[in-house]
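Working notes, beginning with the structure itself.
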Amino acid sequence: MTIGQAAGLKLGKAVRDAFGTALKELGNEFPTVVTVDGDVGNSTRTEVFAKAFPERGFNVGIAESNMVGVAAGLAAAGKIPVVSSFAAFLTCNAYDQIRMCVAYPHLNVKMVGSHAGISIGEDGASQMAIEDIALMSALPGVAVVVPADAPSTKHLVKGMLEHHGPVYLRCGRIDVPEIYGPDSVLTIGKANQLRDGKNLTIIANGLMVGIALDAAVALEAKGISARVLDLHTVSPIDQEAIVKAVKETGRLVVAEEHLPHGGVGSAVASVTAQLAPCPIEFVNIGNTYAESGDPEGLLKKYGLTAEAIVAAAEKVCSR
Amino acid sequence: MTIGQAAGLKLGKAVRDAFGTALKELGNEFPTVVTVDGDVGNSTRTEVFAKAFPERGFNVGIAESNMVGVAAGLAAAGKIPVVSSFAAFLTCNAYDQIRMCVAYPHLNVKMVGSHAGISIGEDGASQMAIEDIALMSALPGVAVVVPADAPSTKHLVKGMLEHHGPVYLRCGRIDVPEIYGPDSVLTIGKANQLRDGKNLTIIANGLMVGIALDAAVALEAKGISARVLDLHTVSPIDQEAIVKAVKETGRLVVAEEHLPHGGVGSAVASVTAQLAPCPIEFVNIGNTYAESGDPEGLLKKYGLTAEAIVAAAEKVCSR
Amino acid sequence: MNLWRHGVHWLREDLLLNKFSRRLPSKEYRVAIFKPLSLDEMKAKTKVLRRHIVRMTTEAGSGHPSSSMSAVEMVTALFFGGFMQHDPAQPRWNNRDRFILSKGHAVPVLYAALAECGYFPVEELMTLRKLGSRLEGHPNMKRLDCIEASTGSLGQGLSVGVGHALACHMDGLSAHTYVMLGDGEMGEGQVWEALASAEKYKLANLTAIVDQNGYQQTGATKDVLKLTEFQPKIESFGWHVQTINGNDIEQVIAALTIARSIKDRPTAIVSKTQKGFGILPVLAPTGDLNYHGKPLSKELAEKALALLAD
Amino acid sequence: MNLWRHGVHWLREDLLLNKFSRRLPSKEYRVAIFKPLSLDEMKAKTKVLRRHIVRMTTEAGSGHPSSSMSAVEMVTALFFGGFMQHDPAQPRWNNRDRFILSKGHAVPVLYAALAECGYFPVEELMTLRKLGSRLEGHPNMKRLDCIEASTGSLGQGLSVGVGHALACHMDGLSAHTYVMLGDGEMGEGQVWEALASAEKYKLANLTAIVDQNGYQQTGATKDVLKLTEFQPKIESFGWHVQTINGNDIEQVIAALTIARSIKDRPTAIVSKTQKGFGILPVLAPTGDLNYHGKPLSKELAEKALALLAD
Ligand SMILES: Cc1ncc(C[n+]2csc(CCOP(=O)(O)OP(=O)(O)O)c2C)c(N)n1
Ligand SMILES: Cc1ncc(C[n+]2csc(CCOP(=O)(O)OP(=O)(O)O)c2C)c(N)n1
Ligand SMILES: [Mg+2]
Ligand SMILES: [Mg+2]
């Protein structure tokens, strides 16, 4: 994996791994946390928690709808359930249950989707969540959080457990570069500026943050100065940071591992249209399903590269 | 219902009624059309078709996931299945089946959601689809169509059957004013200008079109000239019409019976950000679930009125 | 804990109603909850609930009276027959017994029972489905804290019940969770997922009640699907199952008593009922024995109320 | 129509492969499809398929060989035992018998069979899961027109099969639809919805095969849920059910023959198998008898291929 190389970042753990470890480490501090799995705890890494706290881990089998309903019942009875599956199955297969049993009554359920995006690779489109941000952001009162790396995941998992109300946490499968240090502080709802710049701002989250930082380095070489904002929380969105970016840099590129509709790009575009209209270019997989392949090959084929961000930045600067 | 009064429109049938009648009338012309219901054919009005063509109507009970899968199988075997339920249950309860069995293989399934929006009234939030546009637009290759009235529904239902590939048709429950005449021609993918204006454009669809026309009349009285565009197709979106509106009127109000994220507003905002940045104000129900009540009272409480559009128009004109 | 179970209860008058309520309860409701009614009293109570159902849905001009009617004996036995231990003063008391109405459209029967228990004033029933009322068309737990689950999308309540039962079990609580489903609703696959998960965890503190009233929205349940032999199906999922006439309150009480005595697995009651039971003589002449999702006209309501008079 | 059913078939050499294919088929495949193999030939074919599975997943470096192995006898009998009538020259021929792999992750077994039938070249198997290959990690019907359903999200294939069976019935076609599910997959409620809908329409042209290999992703199926007694459950949904040893090809053939003879309702075969059957001596020493979703290392693959040599 070459992500983060240009920016001088070193490869760290996958977000899902950091999630599993963090959950286990927080297990004693949050004694009402329980996990509810749909037979993929070894993929989502809730297994790490469930092995450490066997009485607090439930596996209800391959039955995502029931899984979410059970989690809602546990929450209504005072637990903090962390319910997880592949992001595609959690968000798509149990959407009505999330809507009715979690979002509508605003129950304290933490929903974690692993294997988000096309970077999962060889398993192909059926296992890739490329619409989960659209779906989960369309739930009033649900916080939608997309960590960029392992260290920030640790913080955001704690933030998620402390937050009162439903949260969706999106995790990737593959190892990603470390962007944050162990002491970085991240707050749900507050975007994080990773690099300043004056010609444009690249807004990204998840896997795309490292790629955005690479792109910023390449742009610098071309004389374009790019601010990079980690928009780890998509909902509620940090309007202030976005407006500030527009005011100070004039234009935006939004990069996300998602399809165009309903993702970070359209959320940002709604904010700017209302508060600070400006040119934006969007970097995403396009309006398509992806396919099987190696993660790096897929990212390239579906346009999620530093080169694509550079091209978008050049384009937006020329508008 | 006072919608359309200011604009001098007369009340017509509900979109779901027009859909049911149109489907029946097209039954002979499209001999491979079949309906697949989830025990609400008397609500969605597919019953009208199924009574006329009893061999071609299937009711698989209260089981939306299976319903969509069955429709996909029928399509793969050469039928044109029209699968329907309340929009909330069709899109939310069977989302993974729509994703995997319909959108991903791009099968020729027509998906019809009745009872969309908060104007269904007394049944309350569980039966109101306020996120269906976000969900269905996040499916590559699925056309998303929202008719404004009965006459246009007739055209769009035919367009839907002629269109090769998956389509989502959103229908409302209540009677709405007639905006189109019997001879109006509508094409999936092409927005329809209902009224010209030079100070701003109001983009709306579904129930909000009549309300937008009322607002345009009120705005005219205030010396503000508003174009009104019926964006009956949300996906694929008519970029050309939107860019033209921005070029010619400078600013937009987007009005929809939906929550903000992933709806028509954010789709329009994405287009303008990329092609013609401009100020936009959004009229929608806000980031919330609604509640039980009479349709008119709900529309008022949740801000879907001509007054709300007028206020948004004044605001966007002052920006 | 056991004190509760036997009807002794410390009363805090100040907390007797939940925070939204507007008036103090009558003395009656406490007795009703903590001392089981006699059989005759319960039979009278079924009429009270039925009258509420007729009145509130006719006043609302929409709703599902027939779906509510079939469930009256079961709801009456649960709330007034000593099966449910709960406290209107603390609707979220953690060891309360839970009742989840998975067939949420039948919520008038639940509102009627809750009002009779004193959770809110009986007069509030007449606000059903009106803008601003907390008595929404389908149960909304966020707005009314005596509601255990927000339902209305069919098929979901049993899963929520499994969650409650698991939590109670973890916390060593004796609370029992009852979930009522419709026979049409049994078509939802999620119900069968929930049945399987309850079997796995041997949730003896969970009882599913299938209100088998023979109809669903578009017709007879046996015509829509052929699921109607529920007992062998649910038994094959490892549950203890009883089939009874659910409009016979004595059979209901007997079945609930047996259900509570089973200690090694979840229990189900297939409650064979009639949709619209109690007002069928009024519905029959309309030719629509299902009468799904329609309130009675003012005229029919008068007739029904006459039929249901004490 | 009947001509087809008895193996007589007009051949159009130009259409023998679908449009994506790169080479003409060998003579062999036509015989394989239209003239059933002998028992010995089928046993040999199971080894061929197993070798393909090992090779392609090890070459891919990911995939689900053990989930594929358990299903080899069933797939072999269906495709090479004369049960499936289909035509590589016209993959979408409307009266073809259909095979839907609902447990889509086991797709290597299907690719192996399809290649052996001549739908695409055997060498293409080695492109499994590589960028650009039509042999994706889960079946993608849009890319490969011998695939009947895009699966990979478990629980959905039987519903699609119901749709095919309904369409064939409407059109007066004799085609039969087979759907293979995993035992873990049976946890998905949608499967039970599909079972109920097939019962309603008495779809005798539909056969569900549960590949009960005893394991799912995180462990033994009997530990994850207690659904494992499938026969009474599926029977209670009105289906004709047989339980067999699905790794014994003679039992498989007998069961498929009986299934085809049932004319009044849908049929299911609970196929008790072993996950990884055929290479268990190679997997056993790893201590992981489930071996879910992992390819064999090159070294283990060598051992497995030796075991599977003719
Ligand atoms: C998921 C879902 N699908 C459809 C509906 C629409 N609906 C409301 S009530 C009903 C019929 C319910 O029948 P049954 O479960 O037998 O309850 P009854 O009214 O007979 O008591 C239907 C289909 C719904 N509320 N939820
Ligand atoms: C809806 C859904 N949930 C989870 C998964 C992840 N998953 C893939 S294979 C598998 C286990 C399948 O077990 P089983 O059905 O017994 O098939 P086997 O591999 O044993 O043949 C799981 C949970 C999935 N593909 N789809
Ligand atoms: Mg019923
Ligand atoms: Mg298995």
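- When each of Val224(C), Val191(C), Leu195(C) is checked for heavy-atom pairs under 4.5 Å with chain D, Val224(C) comes out on top.
- In terms of heavy-atom proximity, Ala196(D) sits nearest to Leu225(C) at O-CD2, 3.8 Å.
- Between chain D and the residues Met186(C), Lys226(C), Glu235(C), Gln190(C), the largest count of heavy-atom pairs under 4.5 Å involves Lys226(C).
- For Lys202(D), the NZ atom counts as loosely surrounded, since its 6.0 Å shell holds 12 or fewer non-hydrogen atoms of other residues, nucleotides or ligands.
- The side chain to side chain contact (heavy atoms under 4.5 Å, CB included) with Ser236(C) is formed by just one residue from the set Lys233(D), Glu229(D), Gln231(D); it is Lys233(D).
- Atoms CG and NZ, on Asp223(C) and Lys200(D) in that order, are 8.0 Å from each other to the nearest 0.5 Å.
- Interface residue Glu188(D): backbone and side-chain heavy atoms are both found under 4.5 Å from chain C.
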